[in-house]
There are 2 protein chains.
Amino acid sequence: MSQTVQLYDRLRAAILALDLAPGERLTERGLESEFEASRTPVRAALMRLDSEGLVQREGRGWIVSPIDTVEIGALAELREAVESAAIRLSVERASDADVQAIAALLDATRPARDEEQGVRAGGDFHVELSRLSGNALLADAVRNAMTRLARTRWLEVRTAEAREQAWREHREIIEAVAARDAERASALIASHIRGTNERLLAFLAAERQRLRGHGVAIVQAHTGGSQPSGRPRRMPQ
Amino acid sequence: MSQTVQLYDRLRAAILALDLAPGERLTERGLESEFEASRTPVRAALMRLDSEGLVQREGRGWIVSPIDTVEIGALAELREAVESAAIRLSVERASDADVQAIAALLDATRPARDEEQGVRAGGDFHVELSRLSGNALLADAVRNAMTRLARTRWLEVRTAEAREQAWREHREIIEAVAARDAERASALIASHIRGTNERLLAFLAAERQRLRGHGVAIVQAHTGGSQPSGRPRRMPQ
DNA sequence: CGATACAGTTTGGTATACCAGTACGGTATC
DNA sequence: GATACCGTACTGGTATACCAAACTGTATCG
């Protein structure tokens, strides 16, 4: 596998694991020495991560995308639109075997031992279900949204009860699909996404102080066009 | 403006204007000499265009994304999902002034003299309307979809009657938004997108032979994992 | 004590040299 | 005449040198 791909994967993993803090400034030469690669693949990886929303440009340079409650809300609205449509198409097009495969996948991850597994299982469920729509673009949109949300979703599945609730709702959804009830499946998944988002935003608001202490900045909106007054300075870590 | 951005814009324009034929093979060094830039910005532009779906990797190299009827259908489904949701939010959130601004924009482009203006006006209408949802991700998704469709949409607005019909449907839609009738606006835009897509696919099927004569390849699906048998050869141009 | 001018350093942007892998075309052989 | 082989040329991938612009810190001046 090419070095660029490996570097992309490692950078991506570091961002999603919060090893690179949201809002942190990145320099191409810093990454070059940290990941022991030359600038060319570093830049390629950054450009790809930029297109996924995991890093952004800030002025001339790069930053790890901050955790942005406005963006999280927007992602929920996008997911509701896309996944509702996808599940309708899945009800129409998916084979029974495909649906049962997802139900089995759900049963296999029933325990959802910890946050990480909960996040992974949840993401897989939503992406795989969208794939059954037969529309690759819908599935890609869902995958992309889940990636953007990955850094915060663990907050929502920290307790065993939360993981149990998520599992139960997923179970209901796949049963509606199996029953070929498009209306119910669509309503269930929309409500599931909405509820998850509300709980997530509530957790974020509650934990904001603590997370800030761990170097995780939470902002309310994308930095707009104009810079704030005063000399823009390097983030003091 | 940086050279990379200019090169990206020029390459993008060349692809959308069909100056670079769909399916055509691109080499980094060929573009380097053709656009008088070095490989670094060429690669940056290609990577960005790749993330937009206008170019793809084929083996180790690059091709201009073929015109793919499966993708066009998928884009229509994505648009229906996203734009229906966006217009509901627009009805809820947009100010009367914002809605009137779009209505004015519609009136200003009333004649829609030629295909190009028709395509541009249509794209602007759908993107600007989505922006009123207040959700940047929904608007971005719509903009991206319109870009991907730009190479074929002119087929659908070639006649004055078609442009007139599009204008009329747009007018109906914005009036439903102005009347704050979310249900009607959503239904109208879904039906508009679906109808446009059906006419477009019909035109593509009818014109397939002629377009092929002009070097425009139309495929039925993305090239899957396996290559076709036989030595893959350079396109004979 | 404060602001400001200046110079050194660091940044991303660009050009380019080099590498390894692959496709292509010609040739020799059967 | 067809086919297998091999050398050449070209491809994208990588490393790196150089550039101009911007940032940082210091020294100077009011």
Side-chain angles (χ1 to χ4, degrees), chain A residues 1-12 15 20-21 23-51 54-65 223 225-237, chain B residues 1-12 15 20-21 23-51 54-65 223 225-237:
Chain A
M1 188 175 293
S2 84
Q3 190 172 141
T4 298
V5 175
Q6 283 210 15
L7 179 57
Y8 160 80
D9 285 338
R10 287 202 294 156
L11 245 174
R12 183 174 181 278
I15 291 170
L20 295 175
E24 184 176 344
R25 198 172 197 294
L26 299 175
T27 67
E28 296 178 358
R29 285 177 169 90
L31 297 171
E32 181 183 12
S33 57
E34 184 172 352
F35 289 88
E36 291 176 344
S38 75
R39 279 180 69 205
T40 311
V42 166
R43 302 196 83 214
L46 284 173
M47 285 188 262
R48 190 162 161 194
L49 291 166
D50 184 34
S51 75
L54 293 183
V55 305
Q56 307 176 3
R57 311 216 74 123
E58 191 204 46
R60 289 190 317 156
W62 303 90
I63 59 172
V64 179
S65 291
T223 55
S226 61
Q227 287 295 326
S229 60
R231 251 193 201 172
R233 299 203 164 235
R234 183 177 301 181
M235 179 155 294
Q237 167 57 309
Chain B
M1 188 175 295
S2 84
Q3 190 172 142
T4 298
V5 174
Q6 283 209 15
L7 180 57
Y8 159 79
D9 285 337
R10 287 202 294 157
L11 245 174
R12 183 174 181 277
I15 291 171
L20 295 174
E24 183 175 344
R25 196 168 196 288
L26 299 176
T27 67
E28 297 178 357
R29 284 177 169 92
L31 297 171
E32 181 182 13
S33 57
E34 183 171 353
F35 289 87
E36 292 177 343
S38 76
R39 278 180 70 204
T40 311
V42 165
R43 302 195 85 215
L46 284 172
M47 285 189 262
R48 190 162 162 193
L49 291 166
D50 183 32
S51 74
L54 293 183
V55 306
Q56 307 175 6
R57 311 215 74 123
E58 190 203 46
R60 291 188 314 158
W62 302 90
I63 58 171
V64 179
S65 291
T223 54
S226 61
Q227 287 294 327
S229 60
R231 251 193 200 171
R233 298 202 165 234
R234 184 177 299 183
M235 179 155 294
Q237 169 52 294

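So that the names make sense, note that chain A is the first sequence line, chain B the second, and so on, each numbered from 1.
Considering CD1 of B:I15 and OG of B:S65, their distance stands at 7.5 Å, rounded to 0.5 Å. Here the OG1 atom belonging to A:T27 is positioned 11.5 Å from the CZ atom belonging to A:R60, to the nearest 0.5 angstrom.
Stacking of A:R57 on the aromatic ring of A:W62 is recorded, both the 6.0 Å distance cut-off and the 45° axial limit being met.
None of B:R29, B:E34, B:E28 except one satisfies the side-chain contact (heavy atoms from CB on, under 4.5 Å) rule with B:E32; the exception is B:R29.
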Enumerate the protein-to-nucleotides 18-20 of chain D contacts in which both atoms are nitrogen or oxygen and the separation is below 3.5 Å.
unit_1 : atom_1 : unit_2 : atom_2 : d
D:dC18 : N4     : A:R29  : NH2    : 3.3

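Proximity of B:V55 to B:L20: side-chain heavy atoms (C-beta onward) are nowhere separated by under 4.5 Å. At a threshold of 4.5 Å between non-hydrogen side-chain atoms, the residues A:T4 and A:R48 do not count as touching.
In this structure, B:T40 and B:T27 both approach DNA chain D, and ranking their closest nucleotides by distance from the 5' end singles out B:T27.
In this structure, A:E36 atom CD and D:dT14 atom P are separated by 15 Å, rounded to whole Å. Here C:dT11 presents its C1' atom at 13 Å from CG of A:L46, a figure rounded to the nearest Å. Straight-line distance from the CD atom of A:E28 to the P atom of D:dA15: 14 Å, rounded to whole Å. Protein atom CZ of A:F35 is 19 Å distant from nucleotide atom C1' of D:dA15, rounded to whole Å. Rounded to whole Å, the distance from CZ on A:R57 to P on C:dT11 is 14 Å. D:dT14 atom P lies 10 Å from atom CE of B:M47, rounded to whole Å. Straight-line distance from the CZ atom of A:R25 to the C1' atom of C:dT10: 10 Å, rounded to whole Å. One interatomic measurement links the two molecules: CH2 of B:W62 to P of D:dT11, which rounds to 15 Å at whole-angstrom precision.
Using a 4.0 Å heavy-atom cutoff across all strands shown, A:L26 reaches sugar-phosphate atoms only and no base atom.
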